[in-house]
J.: 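To start, I am sharing the structure in question, which I have written as structure tokens.
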Amino acid sequence: MKTKSILFVTGAFVTHHCWDEWKDYFESKGYKTLAPAWPFKDADAETLRNRQPYDTDLARLTLSEVVDHYAEIARSMPEKPIIIGHSLGGLMTQILVSRDLAAVAVAIHPVPPLGVFPYEFSFLKAGWKSLGLFTSTDKTYMMSFKDWQYAFVNEMPLEEQQFAYEKFTAPESKTVARGGLTSAAKVDFKKKHVPLLITSGSLDNIIPAHLNFRNFKAYKSNGSVLEYKEFLGRNHHVLAQPGWEGDADYILNWIAKY
């Protein structure tokens with residue numbers, strides 16, 4: 001019997017509610033879904049924003065702790081899940097695949113693992129502030145609307161950009177962001193793995209398509225199923241960008257093959 005359980009892994013700067021429509025959509029296709037929040041982020045965006053910048057529990061969270069949080073959830077599920085992650089959640093998905101915790105996996109516009117160097121200017125422009133260099137790690141980082149426009153919702157109408165910012169954007173841990181530059185972000189590219197799909201978007205500024213393609217190419221050919229798909233006209237807000245159902249359908253059909 002094929003696995004019918006899906007674990008959605010959330011990325012940085014947003015809440016787990018970014019998966020709400022995906023959960024409904026996949027459940028309508030017969031899947032059981034789970035989209036748990038990160039530790040200290042189990043609330044809506046407005047509630048989390050009202051806690052910052054002195055939400056020290058979230059501020060001190062590390063990438064390793066978030067990965068372990070999802071790993072524990074995956075192990076507790078009744079069957080080995082299909083794991084689908086976006087952005088930093090895509091990187092965590094690749095790590096969870098390395099830990100043999102997925103039945104099948106999809107990394108949507110993933111942050112690159114350690115060793116895939118992100119030299120693209122747009123990546124640095126969109127993401128460097130989240131590292132909070134020379135600032136206190138006891139304070140969270142909140143992406144400004146201007147930075148959100150560039151990093152997530154570029155090419156969308158202003159009113160849609162504003163709506164998405166209010167609905168989804170949440171404070172973030174600088175220590176989690178910095179973890180992407182450490183061994184916490186390491187993936188074993190040589191290890192055999194379950195079927196893995198990496199997707200990208202032609203309009204994505206923070207994780208450009210060619211960065212995702214280099215991530216894909218970093219895996220060593222070992223007989224494992226590994227595929228790459230670039231979607232035209234998709235920015236980093238791919239989970240709620242109008243037309244997201246097309247991406248979801250492609251992923252659904254890909255999952256069904258394995």
Side-chain angles (χ1 to χ4, degrees), residues 6 8-29 33 35-38 41-52 84-91 93 106-111 118 120-130 140-172 177 198-212 229-252:
I6 297 177
F8 289 113
V9 184
T10 307
F13 314 121
V14 295
T15 75
H16 61 297
H17 292 294
C18 64
W19 293 110
D20 285 354
E21 289 186 293
W22 284 62
K23 287 178 88 273
D24 291 343
Y25 197 67
F26 277 71
E27 285 171 8
S28 75
K29 307 296 184 181
T33 71
W38 288 18
K41 285 182 77 173
D42 194 1
D44 61 33
E46 183 180 8
T47 301
L48 293 168
R49 288 197 293 269
N50 288 337
R51 294 179 191 166
Q52 68 98 27
I84 302 175
H86 171 249
S87 192
L88 191 64
L91 165 62
T93 296
V106 181
I108 301 171
H109 303 213
V111 169
E120 287 81 357
F121 172 76
S122 64
F123 172 87
L124 301 172
K125 179 179 177 181
W128 73 271
K129 290 181 184 176
S130 64
T140 51
Y141 164 77
M142 179 67 192
M143 183 177 283
S144 70
F145 177 63
K146 183 178 179 182
D147 290 336
W148 169 261
Q149 286 179 292
Y150 183 79
F152 273 77
V153 291
N154 52 300
E155 311 300 325
M156 288 168 60
L158 178 61
E159 60 273 18
E160 290 182 16
Q161 294 179 333
Q162 291 171 326
F163 175 80
Y165 186 76
E166 292 301 319
K167 183 174 182 180
F168 296 114
T169 313
E172 200 48 84
I198 295 176
T199 74
S200 67
S202 66
L203 297 180
D204 197 323
N205 280 333
I206 192 167
I207 312 291
H210 36 86
L211 177 53
N212 285 145
K229 170 67 176 177
E230 178 180 338
F231 291 93
L232 295 177
R234 312 309 286 159
N235 59 25
H236 202 62
H237 190 53
V238 56
L239 300 185
Q241 186 183 6
W244 62 265
E245 296 90 345
D247 300 57
D249 282 336
Y250 184 95
I251 290 169
L252 273 165

J.: Which value, rounded to the nearest 0.5 Å, describes the distance between Ser87 atom OG and Phe152 atom CZ?
T.: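 Answer rounded to 0.5 Å: 5.5 Å.
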J.: Which of parallel (below 30°), tilted (30 to 60°) and perpendicular (above 60°) describes His236 and His86?
T.: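 Plane angle between 30° and 60°, so tilted.
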J.: Count the heavy atoms belonging to other residues, nucleotides or ligands that lie under 6.0 Å from CZ of Phe145, then report whether that count exceeds 12.
T.: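 Yes, CZ of Phe145 has more than 12 neighbouring heavy atoms, counting only those of other groups under 6.0 Å.
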J.: Mind checking the CG-CG spacing from Asp247 to Leu252? Nearest 0.5 Å is all I need.
T.: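 Reported to 0.5 Å precision, the distance equals 11.0 Å.
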J.: Below 6.0 angstrom between ring centroids: does that apply to Phe231 and Tyr250?
T.: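 Phe231 vs Tyr250: aromatic centres under 6.0 Å.
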J.: What's the verdict on side-chain contact (heavy atoms from CB on, under 4.5 Å) for Ile108 and Trp22, showing C-alpha distance, side-chain angles and the deciding distance?
T.: CA-CA 13 Å; Ile108 301 171; Trp22 284 62; 4.0 Å; yes
J.: Can you tell me if Lys129 has over 12 outside heavy atoms packed within less than 6.0 Å of its NZ?
T.: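 It does not: Lys129 NZ has 12 such atoms or fewer within range.
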J.: Over all heavy atoms of both residues, which pair between Pro242 and Arg234 is shortest? Give the atoms and the distance, please.
T.: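 Minimum heavy-atom contact is O-NH1, 3.2 Å.
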J.: Given Gln161, which of Glu155, Gln149, Glu166, His237 fulfils the side-chain hydrogen bond (donor to acceptor under 3.5 Å, both in side chains) condition?
T.: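 Of the listed residues Glu155, Gln149, Glu166, His237, the side-chain hydrogen bond (donor to acceptor under 3.5 Å, both in side chains) partner of Gln161 is Gln149.
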J.: Could you measure the distance from the OG atom of Ser122 to the CG atom of Leu211? Nearest 0.5 Å is fine.
T.: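 The CG atom of Leu211 is 8.5 Å from OG of Ser122, to the nearest 0.5 Å.
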J.: Cation-pi between Lys146 and Tyr150: NZ/CZ under 6.0 Å from ring centre and within 45° of the ring axis?
T.: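 Because its charged atom misses either the 6.0 Å distance or the 45° angle limit, Lys146 does not stack over Tyr150.
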J.: Can a donor-acceptor pair be found between the side chains of Trp19 and Thr10 at a distance below 3.5 Å?
T.: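 The criterion, which ignores hydrogens and geometry beyond distance, is satisfied for Thr10 and Trp19.
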J.: Quickly, which of Thr93, Thr33, Ile251 forms a side chain to side chain contact (heavy atoms under 4.5 Å, CB included) with Ile84? Name it, please.
T.: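 Single pass found, and it is Ile251.
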J.: Got a donor-acceptor contact below 3.5 angstrom from the Glu172 side chain to the Met143 backbone?
T.: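 Flag not set: sc Glu172 to bb Met143 has no pair under 3.5 Å.
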